[in-house]
Amino acid sequence: MTAVELLLALLALLDFASGLKLTMLRVPSQKLRSSDVTLKCFYDLQNGTLYSVQWYKDNSVFYRFVPADTPSGQMFPLPGVTVDLKGSNDNQVILRLLDLDSSGTYRCEVSSEAPEFLTEVAEAHMNVMALPKDPPKITGLRQKYNEGDPINLNCTSAPSKPLAVLYWFINGNQVDNFDISQRRIIPTGKDSKDGPFLTQYRSVTDEEGLEYVTLGLRLAAKKKFFNNLLHTMKIRCTSSMGVLMWHVDLSTHIHAVSAASLTSCFLQTVWLLSAFSYLFAHKFCANLL
Ligand SMILES: *[C@@H]1O[C@H](CO)[C@@H](O)[C@H](O)[C@H]1NC(C)=O
Ligand SMILES: *[C@@H]1O[C@H](CO)[C@@H](O)[C@H](O)[C@H]1NC(C)=O
């Protein structure tokens, strides 16, 4: 046997050993709660015969396809996993109405018939998110302050999964040193007793498993924070989940001028990244007036 023949023989052996190949696994990494998902698993049997395709979530089987069985497709109930049997087959499984407990590691396992008895697996993680149903809420804001009064506010996110991140803006400038908007940033007032100061409270998990959090903002009602002409300070709180954002805008005044013509609610139609945020902000605002 020449070296080349030996190499070819080895390659043939290797080829036989990997006679079954998983060619594609598609499990989306992020899905929204209440949506459906189609998980895909494609394989190449070469010249073998399919024995079964099995799907697992976190090591528990929830769907099995065996061509020799009648019916071929069978499901096994698991929390958060509702299989659409009609739409599922040896290449895909459809899950309906995803919930928070649908998050997990999904594995596809393909096995071939005798005489090969080969098994190939692939797995991927899917996270199910729940968006907040409302914009964040600002509490503690008065319509008017006297110069030097303490302004003590809280912004609380609506429950979501994962937890939303909160940001405060004063007159369009973000408070603190994160940079999500590339606007001017107001450093927290470490060297000024007027603030602004931020207080991050601990997040809370509700009975549904959703999380919310409060971010406090404290400052003194000093003229430097108010618009000279209108004696107005615009306050915004934004909650963010990745590229999705929701915000609420309010404004307040410092005592000096009759503010009868000004409303307690100020809406800016700017950078509405989420189509819903305007509706939410508008709804919130209308409730206030
Ligand atoms: C299976 O494939 C190998 C090479 O890929 C070939 O030599 C063999 O004859 C095939 N067997 C059958 C039953 O088709
Ligand atoms: C802000 O929220 C925190 C945590 O819930 C609470 O302890 C605090 O009293 C609140 N402050 C104001 C001004 O509402």
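In each ligand, atom 1 is the first atom listed, and ligand 1 is the first ligand listed. What you are looking at is a predicted structure, and each value in this text was computed from that prediction instead of being measured.
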- request: Collect the protein residues that have a non-hydrogen atom under 4.0 Å from ligand 2 and hand them over in chain and number order.
  value: Asn152, Asn154, Tyr201, Thr214
field: Selection residues 59-122 - residue pairs positive for disulfide (SG to SG under 2.5 Å), sequence neighbours left out
entry: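 The answer is Cys41-Cys108.
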Could you pull out every donor-acceptor pair under 3.5 Å between side chains of residues 203-210 and any protein atom, sequence neighbours left out?
| from | atom 1 | to | atom 2 | distance (Å) |
| --- | --- | --- | --- | --- |
| Asp206 | OD1 | Glu208 | N | 3.0 |
| Asp206 | OD1 | Gly209 | N | 3.1 |
| Asp206 | OD1 | Leu210 | N | 2.8 |
| Glu208 | OE2 | Arg33 | NH1 | 3.1 |
| Glu208 | OE2 | Arg33 | NH2 | 3.2 |

message: So that I can tick it off, tell me whether Glu120 and Lys21 are bridged by a salt bridge, with the cut-off set at under 4.0 angstrom between side-chain N and carboxylate O.
response: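 Judged by the 4.0 Å cut-off on N to carboxylate O distance, Lys21 and Glu120 do not form a salt bridge.
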message: By the side-chain hydrogen bond (donor to acceptor under 3.5 Å, both in side chains) test, which pairs, at least two apart or in different chains, include something from residues 63-84?
response: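 Non-adjacent pairs meeting side-chain hydrogen bond (donor to acceptor under 3.5 Å, both in side chains): Gln54-Arg64, Asp84-Arg96.
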query: Which value, rounded to the nearest 0.5 Å, describes the distance between Lys57 atom NZ and His125 atom NE2?
result: 8.5 Å
query: Under 4.5 Å between any side-chain heavy atoms of Asn171 and Asn227, yes or no?
result: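 No - every pair of side-chain heavy atoms lies 4.5 Å or more apart.
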